[in-house]
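These numbers come from the heavy atoms of this one structure, side chains and all, not from hydrogens, waters or symmetry mates.
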Amino acid sequence: MLSKKIIGWYQKNKRDLPWRKTQDPYKVWLSEIILQQTRVEQGLPYYNEFVKKFKTVNDLATASEDEVLRTWQGLGYYSRARNLHFTAQHVSNNLNGVFPSTYKELIKLKGIGAYTAAAISSISFGENRAVVDGNVYRVLSRIYEIDTPINSSKGIKEFATIAQDLISPENPADYNQGVMELGARVCLPRNPKCSICPIIDHCGAYKNKSHDKYPVKLKKQKSRNRYFNYLVINHNNSLYLNKREGSDVWNGLFEFFLIETISATEDMEILEENFPSWLNDIKKIGNPTSSKQVLSHQNIYAKFWPIEINTLEKTISESFYSSYNIEQLPKHRLIEKYLLDNNI
DNA sequence: AACACGGGGTA
DNA sequence: TACCCAGTGTT
């Protein structure tokens, strides 16, 4: 029995991770959101920080969005943090602080999709729902040598069916975590450790030495380039910061005054045309520094222009922050790195 | 169905 | 470089 072997292997070889010591749906939920598209090693310190700072779903619900984003800072995919906060408020205010206990109810919550609903319902409530994540795609595609692209709608359905057929109703929690653990530590994307694999006898890819062919994935489009010119506007050791809004990257995070151009430029005239109207009493403009940030679909080429001003209009003074206050605000990596490099 | 959404690790 | 990571929401 394939599932029994996976469960047995998992119980003997599982890593000692904090979210594996509890079935509390709040903590399981936190761990699952944090680990979406994120390695265990990268997510672990964030998980510890979240459970320490927000001990219950009500604590998370009553925190400000800025504080939640600040705690999330550096993890990426910030909509996860905004949805986390939204769902905490929903559970706290409308569900009496009690998490739903079924897949069908869980998947209705913002930020919880098929994977996370299956994970929480199986781990916290023992529901017989198979998870399908990147690890599962890899393990299953190799065992059965399936070449349907995992990111096609046909593939998504096909793998979901196979996974659900394979799960052991006697221990869905350990089976689910077992396949993922196997994918993460044995059935690696490159150079899989077949010699220590507990289900080597079931694996078509091992038999045919075809593991490099699986899983099959449709190629994504290549990234576009963007050119961000940041004005680092300084008045009495306070800096102008602005919260990003809208559907672009880094929604909800703070940054300096941004002028986006269609290409890299050091032409001050082009930038001056786009200065805000309140930026009218400039003392000095320093030399720019450059940096680059690679995102999943964009390469951001950034230039930072330090600008000192003499006087500040009252209407805009609330957007200037001292070094201490900047520390409390959620910022993306580009800004965080600039502040770090300049000892701010 | 295709695309956007971060940041870091690995070979 | 290219690919991957305990995926989800929007268009």
To the nearest Å, how far apart are [X] [atom1] and [N] [atom2]?
{"X": "Leu188(A)", "N": "dA2(C)", "atom1": "CG", "atom2": "P", "value": "22 Å"}
{"X": "Asn83(A)", "N": "dC5(B)", "atom1": "CG", "atom2": "C1'", "value": "11 Å"}
{"X": "Lys213(A)", "N": "dC3(C)", "atom1": "NZ", "atom2": "C1'", "value": "19 Å"}
{"X": "Arg226(A)", "N": "dG6(B)", "atom1": "CZ", "atom2": "P", "value": "11 Å"}
{"X": "Glu336(A)", "N": "dG7(B)", "atom1": "CD", "atom2": "P", "value": "11 Å"}
{"X": "Asn135(A)", "N": "dC3(C)", "atom1": "CG", "atom2": "C1'", "value": "14 Å"}
{"X": "Gln293(A)", "N": "dC5(B)", "atom1": "CD", "atom2": "P", "value": "14 Å"}
{"X": "Leu44(A)", "N": "dG8(B)", "atom1": "CG", "atom2": "C1'", "value": "15 Å"}

Taking [M] as the reference, what is the distance to [N] when you measure between their [atom1] atoms (whole Å, please)?
{"N": "dC3(C)", "M": "dG6(B)", "atom1": "C1'", "value": "15 Å"}
{"N": "dT8(C)", "M": "dG8(B)", "atom1": "P", "value": "23 Å"}
{"N": "dC5(C)", "M": "dC5(B)", "atom1": "C1'", "value": "14 Å"}

With sequence neighbours excluded, residues passing side chain to side chain donor-acceptor pair (under 3.5 Å) with Asn208(A):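 So Asn208(A) forms a side chain to side chain donor-acceptor pair (under 3.5 Å) with Glu145(A).
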When rounded to the nearest 0.5 angstrom, what distance separates [atom1] in [X] from [atom2] in [Y]?
{"X": "Ile6(A)", "Y": "Gln177(A)", "atom1": "CD1", "atom2": "CD", "result": "13.0 Å"}
{"X": "Asn58(A)", "Y": "Tyr26(A)", "atom1": "CG", "atom2": "OH", "result": "9.0 Å"}
{"X": "Arg333(A)", "Y": "Leu295(A)", "atom1": "CZ", "atom2": "CG", "result": "12.0 Å"}
{"X": "Ile300(A)", "Y": "Ser291(A)", "atom1": "CD1", "atom2": "OG", "result": "10.0 Å"}
{"X": "Ile270(A)", "Y": "Thr261(A)", "atom1": "CD1", "atom2": "OG1", "result": "7.5 Å"}

Closest-nucleotide ordering on DNA chain B, the 5'-leading residue of Arg224(A) and Lys157(A):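 This one resolves to Lys157(A).
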Of Leu295(A) and Ser152(A), the one whose closest DNA chain B nucleotide lies more 5':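 The residue closer to the strand's 5' end, by nearest nucleotide, is Ser152(A).
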Do any of residues 3-42 of chain A sit with a heavy atom less than 4.0 Å from DNA chain B, and if so which?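 Those residues are Gln37(A), Thr38(A), Arg39(A), Gln42(A).
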Within the structure shown, what part of the strands sits under 4.0 Å from [X] by heavy-atom distance: base, sugar-phosphate, or nothing?
{"X": "Lys220(A)", "result": "nothing"}
{"X": "Asp248(A)", "result": "sugar-phosphate"}
{"X": "Gly113(A)", "result": "sugar-phosphate"}
{"X": "Gly74(A)", "result": "sugar-phosphate"}

According to a strict under-4.0 Å criterion, is Arg82(A) in side-chain N/O contact with OP1 or OP2 of dC5(B)?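 No, Arg82(A) has no side-chain N/O under 4.0 Å of OP1/OP2 on dC5(B).
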At less than 4.0 Å, is any side-chain N or O atom of Tyr78(A) found next to OP1 or OP2 of dG7(B)? Yes or no.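 Yes, because at least one side-chain N or O of Tyr78(A) sits under 4.0 Å from OP1 or OP2 of dG7(B).
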On DNA chain C, nearest-nucleotide positions of Lys110(A) versus Met180(A): which is more 5'?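 Its nucleotide being nearer the 5' end, the pick is Met180(A).
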Specify the residue among Gln177(A) and Lys292(A) whose closest nucleotide of DNA chain C lies further upstream toward the 5′ end.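 Nearest nucleotide further toward 5': that of Lys292(A).
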How are the rings of Tyr230(A) and His332(A) set to each other: parallel, tilted or perpendicular (split at 30° and 60°)?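 Rings of Tyr230(A) and His332(A): tilted, as their planes differ by 30° to 60°.
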For the residue pair Trp29(A) and Phe99(A), does the interplanar ring angle fall in the parallel (under 30°), tilted (30 to 60°) or perpendicular (over 60°) class?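 Taking Phe99(A) first and then Trp29(A), their aromatic rings sit tilted (interplane angle of 30° to 60°).
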For Glu67(A), give me all partners under salt bridge (charged side-chain N to carboxylate O under 4.0 Å, His left out), at least two apart in sequence or on another chain.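 Glu67(A) satisfies salt bridge (charged side-chain N to carboxylate O under 4.0 Å, His left out) with no other residue.
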Has the side chain of Tyr115(A) got a donor or acceptor that lies under 3.5 Å from a partner of the other kind on the base of dG7(C)?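 Checked by distance alone, the answer is no.
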Counting side-chain heavy atoms from CB outward, which of [options] is closest to [X]?
{"X": "Arg333(A)", "options": "dA2(C), dG7(B), dG9(C)", "value": "dG7(B)"}
{"X": "Arg138(A)", "options": "dC5(B), dG7(B), dC5(C)", "value": "dC5(C)"}
{"X": "Lys219(A)", "options": "dG6(B), dG7(B), dC3(C)", "value": "dC3(C)"}

